[in-house]
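To start, the structure under review is shown below, and the notes come after it.
Since this is a predicted model, take the numbers as computed values, not measurements.
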Amino acid sequence: MEYASQSQKLKDPQTQGANMEKTTDIEQLTINTIRFLAVDAVQKANSGHPGLPMGTAPMAYLLWKKYLKHNPKNPGWFNRDRFLLSPGHGSMLLYGLLHLTGYDLSLEDIIDFRQWNSKTPGHPELGRTPGVEMTTGPLGQGFATGIGMAIAERFLAAQFNRPGHEIVDHFIYAIVSDGDLQEGISYEAASLAGHYRLGKLIYLFDDNRIQIEGSTSRVFSEDIRKRFEGFNWQVIGPIDGNNLEEIQKAIDESRANPDQPSLIDCRTNIAFGSPNKQDTAAAHGAPLGEEEVAATKRNLGWPEDKHFYIPDEVLPHLRTAVDEGQSAEEQWNRLMESYQSRYPADYARFMDQVGGHLPDNWSEGLDDLFKDTGQKLATRGASGEILNKLAEKFINIMGGSADLGPSNKTIIKADNDFSADDYSARNLNFGVREHAMAAICNGIALHSGVIPYAGTFLVFSDYMKPAMRLSALMGLRVIYIFSHDSIGLGEDGPTHQPIEHLLSMRAIPNLYVIRPADANETVYAWKTALERMTGPTAIVTTRQKLPVLTQNPDAVKGAYIVRESDKEPEAIIIATGSELSLALEASEILKKDGVDVRVVSMPSWELFEAQPLEYKNKVFPPEIRIRLAVEAGSSEGWRKYIGFEGDVIGIDHFGASAPYEVLYEKFGITSLEIAKRIKKLVG
């Protein structure tokens, strides 16, 4: 539905002061306070993006004043509405709102914008600023992550809500920009949100028609309405983004539609009120400048000589959020008390899930899955068995694959598919949408109460990297399951055979990468991923079958001795994944030839680096300087562990299409080649 604008558009910036409602009105006064906190902070920092906060202040004000359910004194209250600023470059909009509504963010923090160790960094960062729901900045990520939050909300509501006890019931709001809508991830995520009919999702589109290089008309001419209606979204607008009545009607209509996510197209003016920079790219990512700041304040009737000015009436007007939030939380707490009385088992489970606790005896039976060391099993198959065993204990483990579930072994066999007809099911079908899949899992993890996992072939991790990086930056418990980990996938050829992918993931700070060598190491990988509360874990598995080795609890330390030599070892062979069995074969060959070697399995660099020096030196004694690393991937990065006297057997070129046994032989990754290389190093 479109609403006709009730306010005349201001075509001549010089006349804005005359046409704008005067700041004696409390709403307009508050909106301009939000604007000028941003203007002054950016100007003082001599860095930042003033245009977006100036243009979106009316919609943000109305949303936070009249709709957003939140408690500034308890930012982590579970049943709060979530608000995401997807275009994180406009961070001063969010910081202004947080300060004015009573969060633990002082005016001094606002003044300290973009400075060392401040609570107001250039882009919002989870954990640094109270009230910030996620780290945003890379465009499109907030858009897609909010959809994960909406999925988690519906999933938990379906699991726990009872008649008269709707303990999970909140909205996910976001401001999104033209840049968000241009990013491909928004297409992927919006399509899935419409398909799942996520009616608790309401996005306000800052349609200011300006981006860094100028008018969006240079690159962006699609019909937004048709696009999102095609995705099964409710589209409202364009409306006048400066008209509070129109914005209110649009939000009311969005909230009244439980069956569709909503996009409200708000026509706004970047740098609203700036006589010379409104509606220009110059206001996007640079301070207005002292003269233009003064001119803008004159234009909007604001005191020119006051900086970071908050009129006396404004704080009481917005600080009502404190009492309202505490009242809303208290009401929810009373509902929870009643819920606990009537549904004690469900209450206990809900509290455990929201608290991130692992179920009692959750790992029981895992160590017994692969006792038969005489069998061969692909680690992807082992991972699938482990997942299904865990799903018996973890009712809140949820995820899926980018249309590769049967190959990744990521399907929970005892459950159904999550859908608009069954929000309680745990199998998430993402379709071929790897990037959105990763961001949606971030949203599920951020929401709390659910442990998400995402699967695809390792080579397609490239499609997921921006969201994976944010997962690591935010410290989220997201589990990535990557199968088809090397040339071992065989005939599909070089397009599907990962080479540099292990290295590129290992380069992401706070991402644990685990490449298990057999089924039992895969058990330890899953245990590590579930116990880890401070970041994501990637479990990298094989397509080809591998021997099942004897269990060794030191696998959780990232590297451990698999086979020791009879005498003092002359060299150490280090291997990961499918290459460990080749290294063990090579050690037998070398033993017959009178060369004593130690074989070390090293499934995870990150886990090993977390160990004390004493343990590291036990596995890699400094005096044993002849070392050979073996991994069917890029050789880069191994120098740290092999030293200058060591060597690497890896693959620094693309693969080929052939049976995997042929590829390993042609590319020199065989037990004979390993033994030959060790002999050469030993001399």
Side-chain angles (χ1 to χ4, degrees), residues 1 3 26-28 30-31 33-34 53 55-75 77-86 90 93-103 131-134 142-143 146-147 149-150 153-154 157 166 168-176 193 198-207 233-237 239-266 268 314 316-332 447:
M1 176 177 181
Y3 299 120
I26 185 59
E27 291 184 329
Q28 193 60 52
T30 306
I31 289 167
T33 301
I34 296 168
T56 58
M59 71 172 81
Y61 159 75
L62 186 72
L63 177 62
W64 279 62
K65 176 62 181 174
K66 297 193 175 181
Y67 294 97
L68 196 68
K69 180 177 63 176
H70 63 119
N71 184 358
K73 298 306 178 184
N74 183 14
W77 169 41
F78 175 80
N79 204 42
R80 70 193 182 278
D81 292 335
R82 273 63 167 176
F83 172 79
L84 305 177
L85 182 66
S86 192
L93 173 73
L94 180 53
Y95 299 149
L97 290 164
L98 291 171
H99 169 67
L100 294 171
T101 55
Y103 284 80
V132 168
E133 297 283 1
M134 73 166 290
F143 186 107
I147 290 165
M149 292 179 174
E153 193 272 347
R154 289 292 81 199
E166 286 72 29
V168 183
D169 182 18
H170 60 81
F171 286 89
I172 293 86
Y173 297 101
I175 289 177
V176 302
L198 301 174
K200 290 296 188 73
L201 197 69
I202 299 175
Y203 286 176
L204 290 89
F205 170 33
D206 174 25
D207 187 5
W233 284 54
Q234 174 177 239
V235 183
I236 301 173
I239 65 171
D240 184 348
N242 293 309
N243 188 300
L244 298 184
E245 183 179 349
E246 291 189 22
I247 299 168
Q248 182 167 340
K249 288 181 180 178
I251 295 175
D252 286 342
E253 185 175 346
S254 299
R255 287 167 58 92
N257 185 348
D259 298 321
Q260 290 178 295
S262 295
L263 182 76
I264 303 172
D265 185 349
C266 301
T268 61
V314 168
H317 179 63
L318 280 185
R319 289 281 166 93
T320 57
V322 173
D323 290 340
E324 291 167 357
Q326 290 178 330
S327 175
E329 183 173 355
E330 288 169 3
Q331 183 178 352
W332 184 76
H447 183 277

For Arg80, which residues count as a salt bridge (Lys or Arg N to Asp or Glu O under 4.0 Å) partner, sequence neighbours excluded?
Glu133
Distance in Å, Tyr203 OH paired with Ser262 OG, rounded so as to fall on 0.5 Å steps:
11.5 Å
Considering all heavy atoms of both residues, which atom of Val168 and which atom of Arg154 are nearest to each other, and what is their separation?
O-NH2, 4.4 Å
Partners passing side chain to side chain donor-acceptor pair (under 3.5 Å) against Arg319 (at least two apart in sequence or in another chain)
none
Are side-chain heavy atoms of Asp81 and Trp64 found at a separation under 4.5 Å?
no
So do Pro58 and Leu244 actually touch side chain to side chain, heavy atoms under 4.5 Å?
yes
Electrostatic pair Lys249-Glu253, nearest N-O below 4.0 angstrom:
no
Which residues pass the side chain to side chain contact (heavy atoms under 4.5 Å, CB included) test with Thr33, not counting sequence neighbours?
Leu37, Leu100, Trp302, Ile310, Pro311, Val314
Only one of Asp240, Asp206, Asn242 passes side-chain hydrogen bond (donor to acceptor under 3.5 Å, both in side chains) with Thr268, and that residue is Asp206
Taken in chain and number order and not counting sequence neighbours, the residues that satisfy side chain to side chain donor-acceptor pair (under 3.5 Å) with Thr30 are none
Show me the pairs that pass salt bridge (Lys or Arg N to Asp or Glu O under 4.0 Å) and involve residues 55-74, at least two apart or across chains.
Glu27-Lys66
I need the minimum non-hydrogen distance between Gly241 and Ile247, along with the two atoms involved.
O-CD1, 3.5 Å
Residue pairs meeting side-chain hydrogen bond (donor to acceptor under 3.5 Å, both in side chains), one or both in residues 321-332, sequence neighbours left out, come to Asn71-Glu329, Asn74-Glu329
Can you see which heavy atom on Pro75 is nearest to which on Gly131, and at what distance?
CB-N, 3.9 Å
Rounded to the nearest 0.5 angstrom, the CD-CG distance for Gln248 and Asn243 is 10.5 Å
Identify, with sequence neighbours excluded, every residue that meets salt bridge (Lys or Arg N to Asp or Glu O under 4.0 Å) alongside Asp207.
Arg267
How about Leu93 and Ile175: do any of their side-chain heavy atoms sit closer than 4.5 Å?
yes
For the CD1 atom of Ile202 and the CD1 atom of Ile264, what is their distance to the nearest 0.5 Å?
6.0 Å
Taking only residues two or more places apart in sequence or in another chain, which ones pass salt bridge (Lys or Arg N to Asp or Glu O under 4.0 Å) with Asp169?
Lys200
For a quick test of reading the model, state the closest non-hydrogen atom pair linking Ala250 to Ile236 and the distance between them.
O-CD1, 3.4 Å
What is the minimum heavy-atom distance between Gly142 and Leu84, and which atoms define it?
O-CD1, 3.5 Å
In this structure, CE of Met149 is separated from OH of Tyr173 (nearest 0.5 Å) by 14.5 Å
Output the distance between atom CD (Glu246) and atom CG (Leu62), rounded to the nearest 0.5 Å.
12.0 Å
With sequence neighbours left out, write down each residue that passes side chain to side chain donor-acceptor pair (under 3.5 Å) with Tyr61, or none if nothing qualifies.
His317
Ring pair (Phe, Tyr, Trp, His ring centres under 6.0 Å) against Phe78, all qualifying residues, sequence neighbours excluded
Phe350, His447
Qualifying residues under ring pair (Phe, Tyr, Trp, His ring centres under 6.0 Å), relative to Tyr103, sequence neighbours excluded:
His70
Test of understanding: with side chain to side chain contact (heavy atoms under 4.5 Å, CB included), list the residues that count as partners of Ala193, not counting sequence neighbours.
Ile147, Leu198, Leu201, Trp233, Pro261
Any donor and acceptor pair, going by atom type alone, linking the side chain of Glu153 with main-chain N or O of His170 inside 3.5 Å?
yes
Closest non-hydrogen contact found for Gly90 with Pro53 is O-CG, 3.8 Å
Answer yes or no: is there a donor N or O on one side and an acceptor on the other, between the side chain of Gln234 and the main chain of Gln260, under 3.5 Å?
no
Can any side-chain N or O of Ser86 pair as donor or acceptor with the backbone N or O of Phe143 at less than 3.5 Å?
yes
Within this structure, what is the OG1-CD1 distance for the pair Thr56 and Ile31, rounded to the nearest 0.5 Å?
10.5 Å
